[in-house]
Structure formats: structure tokens, C-alpha cells
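Please read the structure below before turning to the comments.
Chain letters run A, B, ... following the sequence lines, proteins first and then strands; every chain starts at 1. In this text, all values refer to a predicted model and were calculated from it rather than measured experimentally.
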2 protein chains.
Amino acid sequence: MAIKTKVTIHDIAEKLNITASTVSRALNDNPRISEVTKKAVVKAAKDLNYQPNNIAAALRNGKSHIIGVIVPTADRSFFASVVRGIEEIANNLNYKVIICQSYDNYEKEVQTVDALLSARVDGIIASLGKNTENFDHFKKVQEKGVPLILFDRTSDAIEVSQIAIDDYLGAYKVVEHLIQQGCRRIAHFTSPKKVSIFRERLRGYAEALRDYGIPYDEELVVSSNLQLEDGRKSMEQLLQLKEMPDAVFSSSDYGAMGAMQVLKENNISIPQQVALAGFSNEPFTSFTDPPLTTIDQLSITMGTVTAELFFDQLKSEDRMKQPQKIVLKPQLIIRKSTLRKEE
Amino acid sequence: MAIKTKVTIHDIAEKLNITASTVSRALNDNPRISEVTKKAVVKAAKDLNYQPNNIAAALRNGKSHIIGVIVPTADRSFFASVVRGIEEIANNLNYKVIICQSYDNYEKEVQTVDALLSARVDGIIASLGKNTENFDHFKKVQEKGVPLILFDRTSDAIEVSQIAIDDYLGAYKVVEHLIQQGCRRIAHFTSPKKVSIFRERLRGYAEALRDYGIPYDEELVVSSNLQLEDGRKSMEQLLQLKEMPDAVFSSSDYGAMGAMQVLKENNISIPQQVALAGFSNEPFTSFTDPPLTTIDQLSITMGTVTAELFFDQLKSEDRMKQPQKIVLKPQLIIRKSTLRKEE
DNA sequence: TTATAAAATGCAAACGATTGCGCAACATTG
DNA sequence: CAATGTTGCGCAATCGTTTGCATTTTATAA
């Protein structure tokens, strides 16, 4: 019943008494083929229910039209959005996207890169695992002439185009905003991790204070893993101080959320007594009470910009041109958790 | 400088004075090859920096070891989690995952299916677009002998294995819980959409009421798109009633969130005066004040179960066996928004 | 030592599309 | 009318692996 035989361009050729070459050219709209032939081929292809075999084409011309994307995990809001953006652009350009998760596991990242290379992807877009310090696997990618680009979690230890957001600026904006709202004792939740993003945010915090003539007070800077529970503990710790802070800027929204819970439990009003800000614009931040001021990382934009830069390099003739570094300006999202003054 | 020449099994063969066949078999651990040869081949492969070409292999044996996943959009929490689960299982089995977004656009869905077929994926896992009513594109997949499986947004209009959650049961559980908390006038936010999930939830709502001897009151059932704004409007509408409801069960967490805002603005206490429950366990629901009771859809589980069933069918000899339908039992997540009684 | 089985490897044809080159057939130009 | 150009298409090699069917080598038995 079912016509199991795979139909190829040869079948089309046979039916029309021409050769496979002509069919191939006709299907690819090659100008060397007459219009009549093209129409006949297209019609025959439809009649025979022809399905092109990309694999054969890929083998022949060395282009798979597939790109690999490596993220630590696909279900974190930020990465999911980036993936969305990348897929959107890629799809418009007729590329397909293979998605891979490293789970912040270095070995897995290495294996994944290797697997993508074997799959002959036309390029790789990756966000580094937290523990990645050796870049031989990515250098191998470049040596093989496969376009590579890093986003968000990038590194200067490898010469490669990259897209990141300006963490320093984001933090600076938050703190500046808090100061403008009248806060003077601004605490900060940071992380001891070696990841540069937290260092950058800390730097932004410190510089903003300095620029506005507010002394940097070590006891206001608390280090933790920045999860909800950490935020709670950090906040409780701050409440022990002789002089309570009048604002808390957490390097993560989760940490801020923990602080919010503790503040509410202690009947400390937000933002009047303590203003509160996070970082990342996690989806939940607009639904807290009060809604949380935070920094948006433009995740979809990062996806599209990354993809655009990537395909730019893919098309560009001299593949080996200087790696580009793009830094996105994050956006301050002001919500009630920091709005002390009615405008 | 860079050794540009792609190294193939022929290069390995040449170096060892054997043939490509032997190299191929050695690399695939074929028992017909002696151990010494295997070791030599593996070593030579490493020395030459050999990278297998999956495309050539795929062409030869008709298996790409890639599966296609189609979701409406990759950045919705639920789908992102499912994708995560699928990728995890697939990766363990040495399969790669191509991700595609339909954006609930029927034409795009059709094109995507076609593209995946041309890419010669070994199977397709999809969640239907909202407007998909014609299934010819999916039937074509089956006719070509490509394994297909649907999850979450499924349909009975096509004979295919599918995984979904029991929306009826989820709704029933919520309403039952509300009743046990002492609620008697329970309102429901539903959607006019043809999508079956909302009908099923409405059914669960109605049946629970009936089972507990509570009359079904039409004025308590409000229909909308279930977004935040819709939730607000619906709630305001309910507040106009002579007799206010003592509970609201929204078919979406966003709708519930809108209701929560309106209730708070009107100084109506949650859950004492009005208990509130949503559906989906969106990430934000645990961060609202009060935290929102909702139904968890086991997204990661759905991903892994879907992937497992899929690979089950992929391996199974008689591919054409009866399509299986798996229904996941959703889980009631009780939070403060409905907890009237201290336990 | 010869016949026979078992083990290890080689040969060559796929898989399906692409493309450089060549060759007709026909049109154009001087 | 010869020379040249243009158009439309065919030939055959190629991409890198895999695999059925030899063929060779080695081990075992008679």
C-alpha cells in the first residue's frame, strides 16, 4: 500500500527522461536550466512526493545548515529566551538549531563540542559552563574552521567573538537609582564565585557609591550563593547591624526575593524603610509584592544579536577577521520595591 | 600552518596499510576485527586528529541520530522544561535534538515538519500549535515511517502516541481542595478557546462541585483569554455580584495573578475572604504574596516520559504497533492562597 | 601433510545530491 | 556561409562511511 520506496532525483529524472544533474539544477533554480524543464521537474517532484535529502546534499557540499547551541540548561528563563531568539533568526535563514545542555559540567561540555563537530554543524554558539577554565575544546573548533561565538558567559582566555551584557553598568544604574531615591546605606549581595559577572556588578556598585560620595562599607556587602535561602540569611545578617541598611541591591533576583520575605516577616516596609532591587528580571519579579526593581538582560535581544553576529561571520568571506566583542546595555526596570518618591 | 586537510578513515587506513573497511569496523568495535588492529586504529585516529563525519554515516545507513522537537515557543517555562527533559534523555542515548518553534502558526508548523523530514530526522516530537486542525503534515510523517509522538497539546484526530496531563483531574483536585477548605461559592476562570484543555478543566470543576453537592452557578464562571489583564477584569466582574464568591479557581496562573491584584486593591483578604488557585505552577507562583496554590504539570517529567516512550517506539521492531496514550496525573501544589485552616 | 574451519581483512558498491567540464543544437554576426 | 556565441543539458566524479560478499591468512583437525 504505502509507497515505501524513497524517491530521489533520479526517479524524477527517469520519469522525465532527463538526468539527475538537470533535476538537481532545476530544483535549485539554476539559470542554466530552461523554464519549461524547471516547471516539469517541480511538477514531477510533487507528483512523486519527492522529499529532498539534506544529508546527501550536506555530504556533498560540506554544509549541513545546522548550527549547534550549547547552554548550561535549557529551562532557565534567560537561556530559554536566548535560544528562542537564536532559533528565530536561524530559521529565517534556513538553518536548523541543535540544542545541547552542559549542565555546567566541564566534561560534558567537551563531549558536546566534540559531538557537534562530528555532526558537522556549520557553527557553534555557546555559553560557558561555570567551571570551564580550559578552552582547548573551543580552540579545536576554531582550528577546524568552524565559526564559534560565545554569549553571556564568555571569557577573554580565548580569542573569539562574544556577546555579553554590561554587568558593571547594570549594577551602576541600580545603585544610582537607589541613591536618587534617597538611599544612603545601600547593602549588596554578591557571590564569591570566580565568575566575572558578580565581580563586575560589585564594581558597578562600588563605583556608583564613590561617584556619589558615599563611603564603601564592607559590612554591607554580603557574599553567598544568591539563592532564595541565601538571600534570607544575608538579610537576617544585615538586620543584626547596629545601623540597618536603607536599601539592598542583590546580584540575583532570587537573593532579593529571600530578602523581601525576611523584610516582610519583620514588618519592615519596602521601599520606605528598605528599598530592594535584584538583577536579571526573572519572570517572577513583576509578580512579587511589591514588584521588584531589577535589571533586564535583554535575553531575546541577546539571542537575536548573537545569531546575527554569528551569521555575519558565517557569511563573511575572510572568516579570520578580528573577533568582535559586543556589549549589550542592560535596562533598569524600576518597580515599586524601590520607588520611595511619588513622581 | 593549520592542517586543513580533513582526515578521513582512508587516511587512517593508509597510515596503517590497511583498508578503510577495516578502519570503519575497528572504530565501530566490530568483533570481526582483531584487538591489535583495533588498538592501532584508535591510536592512529587520535594521532591524526580524526573527527568522524556523522553526515557520511547518516547518508549511508539512513539514520541521522537526530530527532526534531516542535514546540509553539521555546521560552515558555513549560516547554523549556519539556525540552530540557527530552534533550537529557536523547543525549544519553546519543541522539541530538533539533528544536523548532511554530509560534502557534499553522503554516509554520507545516513547513517545519517538512524541513525536519528533509533533514532526515529519525523522529519527531511535537506539541501542536493552537490553530492546528488539519493533520496531513503529521500523517505524512507517519506514512514516511518516521516515528512521531505528540505531547501536551495533543489530538484525537490522528492515530498517534501521545502524552498529556489529566486536566480534568487537576481541576477536580483544586476544587475538591477548595471545598475542603470550606469554600462554597467557587468561581472559575475559563477560556472560550477550542483547545480541549480548558474544557476539561471546566469539566473537572463542574464534577467536583456536583460530587460535593454544590450547585453549578453560571454567573460564577467567567470566560476570557486568561492573561493577567483578563484576570483583573474577571475578578472585578465577580466583585459586582450580589453575593461575592469565597474562592476563585483560574485555569491559568496569570489569570489568578490578575485576580490577586484586584483582591488586594480592594482589601479583600486571601484566603480568608476569597481563596485563590491557579493552574500550571508557573515559576512565579511561589513568589507571590500570598504564594499561589496551583497545579503542577510535571513539565520535566513530561519531557522524560515523552522521550522515553519515543525511544521505546524507535527501537521497537514492529514500529506499527498500537499508538500509546499516556496521561500524567498532575499534582496539586497547596500554598497559602487557599489555606484557610491551620493544620 | 592436506583438508577444513575459523579469523581477519579487502573489494567495491552503495547512500543521494552537487558540479566542473564537455558537447550538442541553435542563434547571431560579419 | 563560416565563425563564434549562447543555451540547455548530460557525464562522471565526488563527499566519507558502511557492509555484503569475497579472499587471504591462520589455526585446527584428520
Side-chain angles (χ1 to χ4, degrees), chain A residues 4-42 44-45 48-66 94 115 117-122 144-145, chain B residues 4-42 44-45 48-66 94 115 117-122 144-145:
Chain A
K4 273 293 137 195
T5 63
K6 305 280 179 191
V7 14
T8 73
I9 53 174
H10 292 96
D11 301 317
I12 300 178
E14 194 173 5
K15 176 170 181 176
L16 299 177
N17 275 320
I18 54 180
T19 61
S21 329
T22 304
V23 175
S24 172
R25 293 195 174 99
L27 290 175
N28 290 311
D29 206 28
N30 186 309
R32 281 167 42 185
I33 303 297
S34 70
E35 286 305 319
V36 277
T37 307
K38 281 182 187 171
K39 289 211 174 97
V41 167
V42 169
L48 292 177
N49 199 13
Y50 168 71
Q51 184 94 43
N53 185 327
N54 289 351
I55 296 202
L59 177 59
R60 170 59 218 241
N61 52 32
K63 259 83 206 62
S64 63
H65 264 229
I66 295 179
N94 231 328
L117 252 18
S118 287
R120 290 300 196 266
V121 293
D122 287 351
K144 299 216 178 236
Chain B
K4 273 293 137 193
T5 64
K6 305 280 181 191
V7 14
T8 73
I9 54 173
H10 292 97
D11 300 317
I12 300 179
E14 194 173 5
K15 176 168 179 180
L16 298 176
N17 275 320
I18 54 180
T19 60
S21 330
T22 304
V23 174
S24 173
R25 293 195 174 99
L27 290 174
N28 290 310
D29 206 29
N30 186 308
R32 281 166 42 184
I33 303 297
S34 69
E35 286 304 320
V36 278
T37 307
K38 281 182 187 169
K39 289 212 175 94
V41 167
V42 169
L48 293 176
N49 199 12
Y50 167 71
Q51 185 93 44
N53 185 327
N54 289 352
I55 295 202
L59 176 60
R60 170 58 217 238
N61 52 33
K63 259 83 206 61
S64 64
H65 264 231
I66 296 180
N94 232 328
L117 251 19
S118 287
R120 290 299 195 268
V121 292
D122 288 351
K144 299 216 177 234

For Tyr50(A), the option from Ile9(A), Val23(A), Val42(A), Asp11(A) that meets side-chain contact (heavy atoms from CB on, under 4.5 Å) | Ile9(A)

Between dT9(C) (P) and Asn28(B) (CG): distance, integer Å = 15 Å

Which sits closer to the 5' end of DNA chain C, Asn61(B) or Thr22(B), going by the nucleotide each is nearest to?
-> Thr22(B)

Are side-chain heavy atoms of Ile18(A) and Val41(A) found at a separation under 4.5 Å?
-> yes

Interatomic distance, Ile55(B) CD1 vs dA17(C) P [rounded to whole Å] | 14 Å

Near Gln51(B) CD, under 6.0 Å, is it more than 12 heavy atoms from other residues, nucleotides or ligands?
-> yes

Calculate the interatomic distance between His65(B) atom NE2 and dT17(D) atom C1'; express it in whole Å.
-> 14 Å

May I have the distance from Ile12(B) (atom CD1) to dG16(D) (atom P), rounded to whole angstrom?
-> 13 Å

Just call it for Asn54(A): base, sugar-phosphate, or nothing, with non-hydrogen atoms closer than 4.0 Å on any strand.
-> nothing

May I have the distance from Lys63(A) (atom NZ) to dT14(D) (atom P), rounded to whole angstrom?
-> 20 Å

Distance test, side-chain N/O of Ser24(A) to OP1/OP2 of dT18(C), below 4.0 Å = yes

Looking only at side-chain N and O atoms, does Thr37(A) come under 4.0 Å of OP1 or OP2 in dC9(D)?
-> yes

Roughly how many Å is it from CZ in Arg25(A) to C1' in dT7(D), rounded to a whole number?
-> 13 Å

For Asn53(B) and dC15(D), is the shortest distance between a side-chain N/O and OP1 or OP2 below 4.0 Å?
-> no

State whether the distance check finds a donor on one side and an acceptor on the other, under 3.5 Å, for side chain Arg60(A) versus base dT14(D).
-> yes

Would you say Thr8(A) reaches dG16(C)'s phosphate, i.e. side-chain N/O to OP1/OP2 under 4.0 Å?
-> no

Donor-acceptor under 3.5 Å (Arg25(B) side chain, Lys38(B) main chain) = no

Of dC9(D), dC21(D), dG10(D), the nucleotide closest to the side chain of Ser34(A) is dC9(D)

NA contact type, Asn17(B), heavy-atom cut-off 4.0 Å: base, sugar-phosphate, or nothing?
-> sugar-phosphate

Backbone N/O of Asn30(B) and side chain of Asn28(B): donor-acceptor pair under 3.5 Å = no

Please give, in whole Å, the distance from dG10(C) C1' to His10(B) NE2?
-> 12 Å

Below 3.5 Å, does any donor atom in the side chain of Ser21(B) face an acceptor in the base of dC11(C), or the other way round?
-> yes

Selected nucleotide, minimal atom distance to Ile9(B) side chain, candidates dT17(D), dG10(D), dT9(C) | dT17(D)

Do Arg120(B) side-chain and dG16(C) base share a donor-acceptor contact under 3.5 Å?
-> no

Could you give the CG-to-P distance, from Leu59(A) to dC15(C), as a whole number of Å?
-> 14 Å

